[in-house]
Amino acid sequence: MRVRFAPSPTGHLHIGGARTALFNWLFARHHGGAFILRIEDTDRSRSTDETITSIVDALGWLGLDWDEGPPAPGYRQTERMDLYRAHAARLLAAGRAYYCDCPPEMLERERQEAERRKETFRYSGRCRGRGLTMGALRLRIPAEGATVVNDLIHGPVTFEHRQLDDWILVRTDGTPTYNFCVVVDDVTMRITHVIRGNDHLSNTPKQILCYEALDYLVPEFAHVSMILGADRRRLSKRHGATSVQAFREAGILPEAMVNYLARLGWAHGDQEVFSREDLVELFDIKHVGASGAVFDQAKLEWLSQEYVKRLPAADLARRLGPFLAAAGLVPRETPGWLEGVVETLRERAKTLVEMVERGRFYFERPAGYDPKPAPKFLTAEGARRLRLLAERLAADRVFTAASIEAVYRGLIEALGLTLVDLAQLTRLAVTGTTASPPIFDVLALLGREETVARLATARAVAEAVR
RNA sequence: GACCCCGUCGUCUAGCCUGGCCCAGGACGCGACCCUUUCAAGGUCGAGAUCGCGGGUUCGAAUCCCGCCGGGGUCACCA
């Protein structure tokens, strides 16, 4: 079995394209077939090498590796012009295609006329029997009968031939049209299953007729539904982030993206979390739903955190690296330190970006104190407590979460306080806010010196208030 | 407009082929409570779907049949 993903490089890889790519990849891996990447860059003006690179990067990030495709030559339509020419010649020689010299203005007039009569415009077939030797090349469509697309997701879909017209294979300037390229490419790449977006379903009968005219075997088709925005309209930039790149930058984990995309339209009973191996093993194109699916960022983020929670600390720490760098934060060199930090943050971050924000205080001193709780804690009494805390912590040689806790327990005992009082005061002093991971872990990670220094700073502020 | 696709909690879905186990199950989100040094995480409970609507078949329909409505896609010498 051979499948392909054929994006046109007109921008970043879109979420919908990513899902189509994923379904193709899963299908290939599940059946031990080949996954091919082909770049549909016929429309040169809109294609750039940057966008191709961007798509390739996005697929790489998602872990969708291809068995055939770039950078090997021959997988970009612009490199395959000879193939299209040869197939066009065959069609012409076999009488399955003919030249048409109807001027565009005339066709445009007919189109408007048809529109006025509230009819679908279809080419009249004026040049069918004229035996011209130049012009645009059109495919001769049988007038009678119907073509049925046996879609793996939708079941049989019938199209009457009278709804179709003799479409253009090759333009007057000699360039092949998209629908023709697709057929030639799929056929010459020996694609057995065409899994693509639902928006191509209507084009499929035209393509099938072309396969038949070429006397080729028709592949199987599976048309995946569209991804919709909250307003149930096709997902677009208007709905916010839609490129894979954007989610990557937002710190979503790729395994979450893959898991989420797979679950969007496909299900395996009640299971929600699937490893890549699970997906490869369980994926079945027949269980892909036929209806459109609304993209739900909240659920994606939930899944992302599921992976944040279960990834090995070292792995997570490594992945956090680029995000820390982007925020201008530098982790300590101490072996295991960043892993420890990440360990305290994983239960409170859905994305790597959120993890950086929530853990910022590990890397730099608080720029200020949260104005809401500050007046409550940074008082004369607060200053006294901070002094006592700093004194006792400075004397703690081991400085582990356990030893620090002992210091706190001892002090609340002596002062007749509860742990919250001291914990929140410390949080404010050390992180700038009253929400943080378990405070003893935080202090242990910060180290004795840094902790004492931050307590001293806060104490100075508290005393100044007085 | 024509043709084609789609229509189960707000959202993703299971169930539909092979009617009864479904006065519809799970998950996200939402609410409450528990746990608790804060925030989370976790646990428990809850609200939430007359299965798009209307007919029919049947002892019985989300599941089968017919009609309708709503949403989307395609109708280019664009891809």
Side-chain angles (χ1 to χ4, degrees), chain A residues 6-10 40-43 45-47 77 100 102-104 107-108 111 114-115 117-122 135-138 149 151 153-155 157-160 162-165 167-179 181-182 197-206 223 225-226 228 230-234 260 263-273 287 289-303 305 309 344-350 358 373 405 408 412 418-424 426-428 431 433-440:
Chain A
S8 70
T10 53
E40 311 219 313
D41 60 348
T42 352
D43 191 355
S45 56
R46 286 201 284 161
S47 307
Q77 291 186 329
C100 163
C102 295
L107 297 175
E108 186 52 39
R111 180 173 297 113
E115 200 171 315
R117 289 200 308 265
K118 295 192 182 300
E119 283 173 11
T120 309
F121 169 76
R122 290 191 338 277
L137 193 68
R138 288 184 184 272
V149 179
D151 196 278
I153 291 171
H154 295 277
V157 182
T158 306
F159 294 85
E160 299 290 334
R162 56 191 164 73
Q163 298 296 337
L164 277 21
D165 71 350
W167 54 285
I168 291 175
L169 301 164
V170 181
R171 301 184 187 94
T172 305
D173 69 1
T175 59
T177 60
Y178 168 78
N179 281 113
C181 290
V182 174
N198 206 201
D199 46 342
H200 291 288
L201 183 52
S202 297
N203 286 328
T204 309
K206 289 160 95 178
H223 288 93
S225 72
M226 313 258 78
L228 281 21
D231 54 2
R232 294 217 135 258
R233 300 187 70 93
R234 188 177 179 160
Y260 180 73
R263 272 293 282 107
L264 204 55
W266 173 82
H268 183 262
D270 287 340
Q271 192 174 341
E272 294 287 349
V273 180
H287 286 158
S291 53
V294 175
F295 186 80
D296 182 1
Q297 174 118 5
K299 189 157 185 180
L300 202 214
E301 288 177 351
W302 167 75
L303 261 173
Q305 182 165 28
K309 283 191 298 192
T344 68
L345 257 18
R346 71 195 320 164
E347 283 182 353
R348 40 218 116 213
K350 293 187 279 290
R358 297 274 230 150
E405 175 160 8
Y408 274 73
I412 62 173
T418 63
L419 185 52
V420 221
D421 302 321
L422 251 30
Q424 291 301 72
T426 307
R427 277 200 175 86
L428 189 64
T431 73
T433 75
T434 50
S436 86
I439 196 64
F440 308 131

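Letters go in sequence order (proteins before strands), and every chain restarts at 1.
In this structure, of B:C77, B:G7, B:G73, it is B:G73 that holds the atom nearest to the side chain of A:Ser202. Taking only side-chain atoms of A:Gln424, from C-beta outward, the nucleotide of B:G29, B:C12, B:U38 with the closest atom is B:U38. You'll find that the side chain of A:Ser291 is closest to B:C6, out of B:C6, B:C77, B:U38. Comparing B:U37, B:A40, B:C77 by their closest approach to the side chain of A:Arg138 singles out B:C77.
As rounded to the nearest Å, B:C4 and B:A62 have C1' atoms that lie 25 Å from one another. Rounded to a whole angstrom, the distance from the P atom of B:G55 to that of B:U18 is 26 Å. Across B:U50 and B:U11, the matching P atoms stand 12 Å from one another, rounded to whole Å. Nucleotides B:G52 and B:C9, compared at atom P, are 7 Å apart to the nearest Å. Straight-line distance between the P atoms of B:C30 and B:C75: roughly 41 Å, to the nearest whole Å. Rounded to whole Å, the C1' atom of B:G25 lies 7 Å from the corresponding atom of B:A14. To the nearest whole angstrom, the two P atoms, one in B:C12 and one in B:G29, are 15 Å apart. Across the C1' atoms, B:C65 and B:G46 are found 40 Å apart, a figure rounded to whole Å.
Base pairing of B:A41 is not made with any nucleotide, judged by Watson-Crick or G-U wobble geometry with both donor-acceptor distances under 3.5 Å. Across the strands present, B:A49 finds no partner; the criterion is a Watson-Crick or G-U wobble pair with both atom distances under 3.5 angstrom. Here B:C35 sits opposite no nucleotide as a Watson-Crick or G-U wobble pair (both hydrogen-bonding atom distances under 3.5 Å). Applying the Watson-Crick and G-U wobble criteria (two distances, each under 3.5 Å), B:U63 pairs with nothing in any strand. Within the shown strands, B:C28 is the pairing partner of B:G10 under the Watson-Crick or G-U definition, both distances less than 3.5 Å. If you check B:U58 for Watson-Crick or wobble pairing at under 3.5 angstrom, you find it has no partner at all. B:C75 is paired with B:G1 under the criterion used here, namely a Watson-Crick or G-U wobble arrangement in which both key atom distances are under 3.5 Å.
Counting to the nearest Å, the C1' atom of B:G29 and the CD atom of A:Gln305 are 14 Å from each other. Between the NZ atom of A:Lys299 and the P atom of B:U13 there is a distance of 9 Å, rounded to whole Å. At whole-Å resolution of the value, CG in A:Asp199 and C1' in B:A79 are 10 Å apart. The distance from atom OH of A:Tyr260 to atom C1' of B:C12 is 6 Å, rounded to the nearest whole Å. Rounded to an integer number of Å, the gap from CZ of A:Arg233 to P of B:U11 is 16 Å. With rounding to whole Å, A:Leu303 atom CG is found 14 Å from B:A41 atom P. Distance A:Asp231 CG to B:G70 P: 18 Å, rounded to the nearest Å. Rounded to whole angstrom, the span from the CD atom of A:Gln163 across to the C1' atom of B:U74 amounts to 12 Å.
Remark: the A:Glu347 side chain and the B:G42 base include no donor-acceptor N/O pair separated by less than 3.5 Å. Residue A:Ser436 places no side-chain atom within donor-acceptor reach of the base of B:C39, judged by atom type and a 3.5 Å distance cut-off alone. Contact of A:Arg263 with B:U13 (side chain to base): no donor-acceptor pair of N or O atoms is detected under 3.5 Å. Remark: the A:Asn198 side chain and the B:G73 base include no donor-acceptor N/O pair separated by less than 3.5 Å.
Of the residues near RNA chain B, A:Gly135 and A:Ala267, the one whose nearest nucleotide (by heavy atom distance) lies more toward the 5' end is A:Ala267. For A:His154 and A:Cys100, each mapped to the nucleotide of RNA chain B holding its nearest heavy atom, the one lying further toward the 5' end belongs to A:His154.
Heavy atoms of A:Ile439 sit under 4.0 angstrom from at least one base atom. Using a 4.0 Å heavy-atom cutoff across all strands shown, A:Arg111 reaches sugar-phosphate atoms only and no base atom. Nucleic acid contact class of A:Asn179 (heavy atoms, under 4.0 Å, all strands): base. Within the 4.0 angstrom heavy-atom criterion, base atoms lie near A:His200. Looking at heavy-atom distances under 4.0 Å, A:Pro205 makes no contact with the nucleic acid at all. Contact annotation for A:Arg427: base contact, defined as any heavy-atom pair under 4.0 Å involving a base atom. A:Cys181 comes within contact range of no nucleotide atom at all, as no heavy-atom separation falls under 4.0 Å. Using a 4.0 Å heavy-atom cutoff across all strands shown, A:Phe159 reaches sugar-phosphate atoms only and no base atom. Within the nucleic acid shown, A:Ser225 has no heavy atom closer than 4.0 Å to any nucleic acid atom. Using a 4.0 Å heavy-atom criterion, one finds that A:Ile168 contacts the bases of the nucleic acid, with or without backbone contacts as well. Counting non-hydrogen atoms under 4.0 angstrom, A:Ala136 reaches a base of the nucleic acid.
The backbone N or O of A:Arg348 sits less than 3.5 Å from a side-chain atom of A:Arg358, completing a donor-acceptor pair. In this structure, A:Tyr260 contributes its side chain and A:Asp296 its backbone to a donor-acceptor pair below 3.5 Å.
Between A:Lys206 and A:Asp165 there is no salt bridge, since no side-chain nitrogen of the basic residue lies less than 4.0 Å from a carboxylate oxygen of the acidic one. A salt bridge links A:Glu272 with A:Arg263: the closest approach of a Lys/Arg side-chain nitrogen to an acidic carboxylate oxygen falls below 4.0 angstrom.
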**Request:** Check step by step if side-chain hydrogen bond (donor to acceptor under 3.5 Å, both in side chains) holds for A:Gln297 and A:Glu301.
**Result:** CA-CA 6 Å; A:Gln297 174 118 5; A:Glu301 288 177 351; 3.2 Å; yes

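Judged by distance alone, the side chains of A:Asn198 and A:His223 never bring a donor and an acceptor atom under 3.5 Å apart. In this model, no donor atom of one side chain and acceptor atom of the other lie less than 3.5 Å apart for A:Thr177 and A:Asn179. Side-chain contact check for A:Ser436 and A:Arg427: at least one donor-acceptor pair (N or O, by modelled atom type) lies under 3.5 Å. Side chains of A:Tyr408 and A:Thr426: a donor-acceptor N/O pair is present below 3.5 angstrom, by distance only.
Taking 4.0 angstrom as the limit, A:Lys309 places a side-chain polar atom (N or O) nearer than this to OP1 or OP2 of B:G42.
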